[in-house]
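By convention in this document, chain letters (A, B, ...) are assigned in the order of the sequence lines, proteins followed by strands, and residues within each chain are numbered from 1.
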Amino acid sequence: MTLTVKDLTISRGGIPVLEGLNFSLEPGHALILRGPNGVGKTTLLRTVAGLQPPVEGEVQAAPESFAYAAHSDGLKATLSVSENLHFWADVFGTKGIQQALDGFDLNGLVDRPAGALSAGQKRRLGLARLLVTGRPVWILDEPTVSLDVASVELFANAVRAHLAEGGSALIATHIDLGLDAEVLDVGPFRAKPKSGTGGFDGLDESFL
Amino acid sequence: MTLTVKDLTISRGGIPVLEGLNFSLEPGHALILRGPNGVGKTTLLRTVAGLQPPVEGEVQAAPESFAYAAHSDGLKATLSVSENLHFWADVFGTKGIQQALDGFDLNGLVDRPAGALSAGQKRRLGLARLLVTGRPVWILDEPTVSLDVASVELFANAVRAHLAEGGSALIATHIDLGLDAEVLDVGPFRAKPKSGTGGFDGLDESFL
Amino acid sequence: MNMNALWEYANPVKFSRTVSLVLPWVSVLALVSLVGGLIWGFFFTPDDFRQGSTVKIIFIHVPSAMMAISAWFMMLVTSLIWLIRRHHVSALAAKAAAPIGIVMTLIALATGAIWGQPMWGTWWAWDPRLTSFLILFLFYLGYVALWEAIDNPDTAADLTSVLCIVGSVFAFLSRYAVNFWNQGLHQGASLSLDKEENVADVFSTPLYVCIAGFILLFVALVFLRTRTEIHKRRTKALLARERLG
Amino acid sequence: MISLLIRDLRLAMRAGGGFGLGLSFFLIVTVLVPFGVGPESALLAKIAPGILWLGALLACLLSLDRIFALDWEDGSLDLLATSPLPMEGVVTVKALAHWLTTGLPLCLASPVFGLLLSLPEQGYKWLIVSLVLGTPALSVIGTFGAALTVGLKRGGLLLSLLVLPLYVPTLIFGAEVARRGAEGLTTTTPVLMLAGISAGTIALLPFASALVLRVNLR
Amino acid sequence: MISLLIRDLRLAMRAGGGFGLGLSFFLIVTVLVPFGVGPESALLAKIAPGILWLGALLACLLSLDRIFALDWEDGSLDLLATSPLPMEGVVTVKALAHWLTTGLPLCLASPVFGLLLSLPEQGYKWLIVSLVLGTPALSVIGTFGAALTVGLKRGGLLLSLLVLPLYVPTLIFGAEVARRGAEGLTTTTPVLMLAGISAGTIALLPFASALVLRVNLR
Ligand code: HEM
Ligand SMILES: Nc1ncnc2c1ncn2[C@@H]1O[C@H](COP(=O)(O)OP(=O)(O)OP(=O)(O)O)[C@@H](O)[C@H]1O
Ligand SMILES: Nc1ncnc2c1ncn2[C@@H]1O[C@H](COP(=O)(O)OP(=O)(O)OP(=O)(O)O)[C@@H](O)[C@H]1O
Ligand SMILES: [Mg+2]
Ligand SMILES: [Mg+2]
C-alpha cells in the first residue's frame with residue numbers, strides 16, 4: 001500500500017500550481033504537507049485522491065486505498081450522527097460504528113441531527129467517518145479546523161492508532177499536530193511560468 | 001462604546017447552554033473566549049451580536065456598534081474579491097476598500113471570483129470585510145480557521161491596529177493569537193439543570 | 001370574571017388541571033349530543049322527496065363544514081394572543097386545533113363529494129364554495145407542515161402565528177375572488193332545501209343537535225390535544241436538559 | 001439598499017437562477033402545452049390567457065427559494081442582519097430584485113408566448129396589463145413565503161405549499177383580466193381588484209416578512 | 001448501493017425536496033389550472049390529459065437540481081467518488097431515488113388530480129399506464145441533465161434548457177396515450193413507443209451520466 005508520487009504537476013482552474021513533486025508514503029508513516037495559503041495543498045490532495053487528473057507525472061497506488069477528508073465534511077444536516085456514520089460504513093462495507101464513536105467522543109451525540117452540532121462537533125463527526133472507511137491511506141485536508149485542544153489530541157491518537165495498524169496518512173495542516181511524522185513543505189514546488197513562452201510559437205497543447 | 005453583559009443566560013435550540021455570564025469590554029481592549037467544542041461560544045457571540053434574544057439577563061451596547069464575523073464568511077462565489085468587499089463597504093456606508101485589501105494581502109487577488117480562492121484566501125477575504133464595516137466592536141467566531149502562520153500574524157496586526165484606534169474585539173478561538181488580551185473561559189458557566197424540577201408542579205412558562 | 005383571572009389559565013399547570021376537571025364532562029356531553037343527533041337525523045327523519053335518503057348526509061356535512069371554518073377562526077384568535085401576550089398555551093392550542101380542522105375539512109369535502117355524485121352528477125365541480133374549501137384545506141396543510149418543520153417551539157409558534165394571520169387575510173380574499181370567478185352550483189342546492197319550509201323544519205332540529213355535538217367534540221379534542229402538547233413540550237425540554245448533562 | 005439591489009441583480013445575472021431561469025421556464029410551459037394538449041389553435045386560443053398566467057406564476061414560484069436560501073447558507077443573511085440596513089428594507093429589495101429578474105422579463109416576453117398559443121389580437125394589451133399589475137404581488141407574496149421557510153428543513157416543499165394558496169386571488173383576477181381582455185369584454189372590476197391586491201401586499205407584507213425573517217435568524 | 005438508496009429516500013423524507021415536493025407541485029398545477037382557464041368542466045376534461053402530463057413533467061423538472069447539487073455542495077459527492085461504489089451505480093441509484101420520490105407518488109396520486117380536472121371515466125386507466133411507463137424515463141433523463149450541470153454556475157437555468165428538449169418525445173407519446181385513452185381510441189402504438197423510450201434510456205443513459213459526473217468532479 002505504498003503511495004508513490006512521481007514528477008507530479010498539478011493544476012487548478014487550468015493553471016499549474018505545483019510542479020516536480022516527488023515523494024512516497026510507506027505503510028505506518030505519516031507525511032505532513034505544509035505551505036502558505038493558496039499554494040496548492042488542497043489541489044495536490046485532490047489529485048492524489050484521484051478526483052482530478054494530474055497534468056504531468058503520476059500517482060502510483062491502488063485506487064481503492066484512499067479515504068479522503070476535505071475542507072467540508074459531507075454531513076447531512078437532517079440525518080442523525082449515527083445515521084451519517086452508518087451510511088458511510090455501509091458504503092465502504094465495514095461493520096460497526098461504535099469504534100468511530102468512541103474514538104471521537106461522539107457517544108453523547110448519536111441521536112442528534114448533524115445540523116444541530118457545533119462547528120467542532122461537526123468536524124469530529126467528519127473525522128470519525130475515516131474510521132469506518134477501513135481504507136489504509138488517509139488523505140486529510142486541514143483536519144483540525146475548529147477543534148479544541150482535547151479534540152486535536154483525540155485526532156492525533158486516532159492517526160497514531162491508524163499508523164500502528166499499518167495505515168498511512170497524508171495530512172495538509174497549518175498547526176502542529178504533535179505527530180511524529182515527516183514534513184514536506186510544498187512552497188518550493190510552486191509552478192514557475194515556462195521559460196519558452198516567447199511568442200505564439202511556444203503555444204503547446206496546454207495553451208501555455 | 002463599552003459592551004456590558006449582565007447575568008446573561010443563553011440558549012440554543014430551546015435549551016439553555018450558558019448561564020450567569022458577566023463581563024464588560026472597554027474600548028481599546030480585546031476579550032478572548034475559550035472553552036471546549038460545543039460549550040456555547042458561537043451561541044454567546046450570536047446573542048451578543050443581537051441575532052438571537054437572551055433567555056435572561058441583558059447585553060448593553062448600542063446595537064449598531066457590532067461587526068460580526070461567523071464560522072462562514074458570507075462570500076458570493078461568483079462575485080470578485082473587490083465586488084464582495086465593495087458591497088459590504090456600501091452597505092456599511094464606508095468608503096474605500098484599499099486599506100482592507102492591503103491589510104489582508106489581497107491585492108493580487110482583486111479580480112478573482114471568490115469561488116476560485118483557496119480556503120485560507122477565502123477566510124482572509126472574510127476578515128477583510130471587518131475593516132470596511134467601520135464598526136467599533138468586532139465579534140469574531142474562530143477567525144483564524146484555515147489561516148497559515150503569516151496570515152494569522154496579518155490578522156493579529158489588524159486587531160492590534162483596531163484596538164489602538166479605540167475599537168474593541170470579542171474573539172472566540174481555540175488557538176493562541178499572540179494578542180495581549182484578557183481571556184475568559186466560558187466552561188464554568190455551563191447551564192446546570194434547575195434544582196426544583198421535582199414534578200409537574202415545577203412547570204413554568206418555559207416548560208422546565 | 002376579571003381579565004387577570006382569565007389569563008391565569010395561560011399558565012400550563014393551571015390549564016392542565018382545569019382541563020382534567022372539565023374534559024370528562026365535555027366529552028360525555030359531546031358523545032350524547034352527537035350520537036343522539038345522528039340517530040335522530042338518520043333514522044327518525046323522512047326522506048326528502050327530491051334528494052331521497054342522500055339528504056341525510058347533511059347531518060355530517062354541514063356541522064363539519066362549519067367546524068372546519070370555526071377551527072381556523074379559533075387558531076387566528078389564539079395566534080394573535082400568542083403574538084401579543086406570549087402565552088405558550090395559546091400557541092399550543094392553535095397547534096392542537098389545526099389537525100382537527102384538517103379532519104373536519106376532509107369530512108366536509110368527502111361528504112360533499114359523496115353528496116355531489118347523486119345531486120350534481122359529479123364528484124367534484126369548481127363551485128366557489130367547494131373551491132374555497134379546497135383552498136382552506138391547503139392553508140391547513142401548510143400550517144401543520146410549518147409546525148412540523150421547525151424544531152424550536154418558540155420559533156415555530158411565531159412563524160405559524162404570522163402565517164395564520166396573513167393566511168386569514170388571503171383566505172378571505174380568495175373567498176371573494178372565487179365568487180367573482182364562478183357562480184357555481186352549491187348555492188342552488190341549499191336553496192332547494194329551503195323551498196320546502198316544512199321539510200327544512202323537520203331536518204333543522206336534529207341538525208342543530210348535531211352542530212352542537214360537533215362543537216362540543218371540537219372543544220373536547222382541543223382540550224385534550226392541548227394538554228398532550230403541553231406534556232410533550234415538557235418532556236422534550238427535560239430530555240434535552242438531561243442530554244446536556 | 002441600492003447596493004444590495006445591484007448585488008442581487010449581478011448575482012442573478014452571473015449565477016443563473018435569475019433572468020433566464022424564469023423566462024426559460026415560462027418558455028418551457030408555453031412550448032410544451034401544445035404538445036400535451038394538442039395543436040388545435042381554437043382550443044389553444046381559449047386556454048391561452050390562463051396558461052400564460054399559470055406559466056408566469058410557476059416561473060415565479062420556481063425561483064422563490066433562491067431569494068433568501070443562498071444568503072442564508074453562506075452566512076450573508078446573518079451579516080446583513082447585523083448591518084445598518086433595516087430588515088424591512090432588505091426584504092423589499094429582495095422582492096424588487098426578484099421581480100426585476102423574473103416578473104419584468106415575463107411581462108416583456110409575454111407577447112411572444114401569446115403568439116405561440118394563438119392568443120387573439122385584442123388580448124395582448126390586457127395580458128401585459130394584467131402581468132404588469134399582478135407579478136409584483138407574486139414577488140412580494142413569494143418573498144414572504146421564502147422568509148417563512150428560510151433555513152427550515154423541507155424548505156422547498158413547504159415554500160410551494162405555503163405560497164400556493166396565497167397566490168390564488170392574484171391568479172384569479174389576473175387570468176380574469178387577460179381572459180376578458182382576449183374575449184373583448186370589460187375588465188374594469190378585475191383590473192381594480194388586481195391593482196388593489198398588488199398595492200395592499202406591497203404596502204403591508206414586507207413588515208410581516210421582516211418579522212418572520214428576524215425570527216428565523218435566531 | 002442499497003444504503004445510498006435508503007439514505008437518499010430518508011433525506012427526501014426528512015429534508016423535503018422529495019416525496020412531497022413533486023406531489024405538491026403537481027397539486028399546484030392541477031388546482032391552479034381551473035383558476036386560470038376557467039371552471040367549465042367540458043373544457044377542463046378536454047385539456048386534462050395534457051395538463052396532467054405537463055404537471056408531472058414540471059414536477060419532475062423541479063426536483064432535478066437536487067439530485068446532485070446538495071451532495072456536491074456539502075462535499076458528499078467527492079467522498080462518494082472516492083468510495084467503493086461505481087459511479088454508474090451511484091447515478092442509477094440517484095435516478096431510482098428520484099423516481100421513487102417524484103414519479104411514483106405522481107402515478108399513485110394522478111387519479112385524484114384527474115378527478116379535479118374532470119377527466120372522463122375511461123381515461124384513468126390509460127393516464128396511470130402512461131405515467132408508470134413514462135416517468136422512469138423522465139427521472140433517468142433528468143439525472144443525466146443534473147450530472148451535466150452539477151457545480152456549474154447557472155446550473156438551474158442550464159438544467160431546464162438542456163433537459164426540456166430531451167423530455168419532448170416522452171411528453172408527446174405520454175400525453176398521446178393519456179389523450180387517446182380518455183377519448184376511447186386505441187393506444188397500442190404510443191404505448192409501445194413510450195415503453196421503448198423508457199427501456200432505452202434506462203439501459204444506456206446511466207453510462208453517459210456517470211461519465212459527465214466524473215468530468216464535473218475534477
Ligand atoms: C366537496 C364538496 C362540498 C364542499 C366542500 C361543501 C362545503 C360546504 C360548506 C363550506 C358549507 C357551509 C357551512 C356553513 O357555512 O356553515 C356547506 C353547507 C351546505 N352544503 Fe355543502 N359542500 C359540498 C358539497 C355539497 C353538496 C353536493 C350538497 C348537496 C347537494 C351540499 C349541500 C349543502 C347544504 C344544504 C349546506 C347547508 C348550508 C346552507 O344552506 O348554506 N354540499 N357545504
Ligand atoms: N477555480 C479556480 N480557478 C483559478 N484558480 C484557482 C481556482 N481555485 C483555486 N485557485 C487557486 O489555486 C491555488 C491553489 O489552491 P488550493 O486550494 O489548492 O490551495 P491550498 O494550498 O489548499 O490553500 P489553503 O491553505 O488556503 O487551503 C490558489 O492560489 C487558488 O487561488
Ligand atoms: N439546533 C440545535 N438544537 C440543539 N442543540 C444545539 C443546536 N445547535 C447547537 N446545539 C448545541 O448547542 C451547544 C452550543 O453550540 P455552539 O455552536 O454555541 O458551540 P461552540 O462553543 O461554538 O462550539 P465550537 O467550538 O465547536 O464551535 C452545542 O453543544 C451544540 O451541540
Ligand atoms: Mg486548502
Ligand atoms: Mg462555534
Side-chain angles (χ1 to χ4, degrees), chain A residues 10-14 42-43 45-55 61-80 82-95 113-115 122-123 125-126 129-130 132-135 137-141, chain E residues 1-21 63 65-94 96-98 101 147 150-153 210-218:
Chain A
I10 55 173
S11 72
R12 179 88 179 253
T42 299
T43 314
L45 294 181
R46 288 179 64 86
T47 312
V48 171
L51 286 168
Q52 61 176 71
V55 179
E64 297 269 281
S65 58
F66 299 117
Y68 174 63
H71 281 301
S72 45
D73 290 313
L75 302 176
K76 292 293 168 189
T78 46
L79 297 185
S80 73
S82 67
E83 283 168 340
N84 267 297
L85 276 182
H86 267 304
F87 166 64
W88 289 111
D90 288 347
V91 165
F92 283 90
T94 56
K95 261 167 224 69
K122 273 191 192 134
R123 190 71 323 187
L125 176 53
R129 191 184 63 84
L130 293 170
V132 304
T133 59
R135 291 279 177 90
V137 185
W138 287 1
I139 299 188
L140 312 181
D141 201 351
Chain E
M1 216 92 123
I2 302 265
S3 52
L4 181 61
L5 183 63
I6 292 174
R7 180 191 77 148
D8 274 7
L9 293 180
R10 203 180 258 158
L11 281 174
M13 263 191 300
R14 299 241 178 109
F19 284 114
L21 189 57
S63 39
D65 63 340
R66 290 163 187 264
I67 296 186
F68 296 113
L70 296 179
D71 279 348
W72 158 270
E73 272 158 28
D74 66 12
S76 311
L77 208 53
D78 281 350
L79 302 181
L80 277 176
T82 55
S83 83
L85 300 183
M87 203 52 109
E88 286 77 12
V90 171
V91 169
T92 312
V93 167
K94 289 278 179 183
L96 181 58
H98 181 260
T101 52
V150 66
L152 298 191
K153 43 184 189 181
L211 186 71
V212 294
L213 197 55
R214 261 193 232 101
V215 170
N216 261 337
L217 278 184
R218 275 190 203 152

**Student:** If we define contacts as heavy-atom pairs under 4.5 Å, which of D78(E), L79(E), L77(E) has the most with chain A?
**Tutor:**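 Top option by heavy-atom pairs under 4.5 Å: L79(E).
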**Student:** Which heavy atom in S72(A) sits nearest to a heavy atom in G75(E), and how many Å separate them?
**Tutor:** OG-CA, 3.8 Å
**Student:** Considering only heavy atoms, which portion of L80(E) lies under 4.5 Å from any heavy atom of chain A: side chain, backbone, both, or neither?
**Tutor:** both
**Student:** Report which part of L75(A) has an atom under 4.5 Å of a heavy atom belonging to chain E: side chain, backbone, both, or neither.
**Tutor:**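 Interface part for L75(A): backbone (N, CA, C, O).
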**Student:** For P84(E) and V91(A), work out which heavy atoms get closest and say how close.
**Tutor:** CG-O, 3.6 Å
**Student:** Mind checking whether K76(A) and D71(E) have side chains closer than 4.5 Å, heavy atoms only?
**Tutor:**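 In short, these two side chains touch, coming nearer than 4.5 Å.
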**Student:** Please classify the contact of F66(A) with chain E as side chain, backbone, both or neither, using a heavy-atom distance under 4.5 Å.
**Tutor:** backbone
**Student:** Side chain, backbone, both or neither: which part of R12(A) has a non-hydrogen atom closer than 4.5 Å to chain E?
**Tutor:**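 Contact with chain E is absent: no heavy atom of R12(A) under 4.5 Å.
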**Student:** Using heavy-atom distances under 4.5 Å, tell me whether N84(A) contacts chain E through its side chain, its backbone, both, or neither.
**Tutor:** neither
**Student:** Is any side-chain heavy atom of F92(A) closer than 4.5 Å to one of L85(E)?
**Tutor:** no
**Student:** Which atom pair, heavy atoms only, marks the closest approach of L51(A) to A81(E)?
**Tutor:** CD2-CB, 3.8 Å
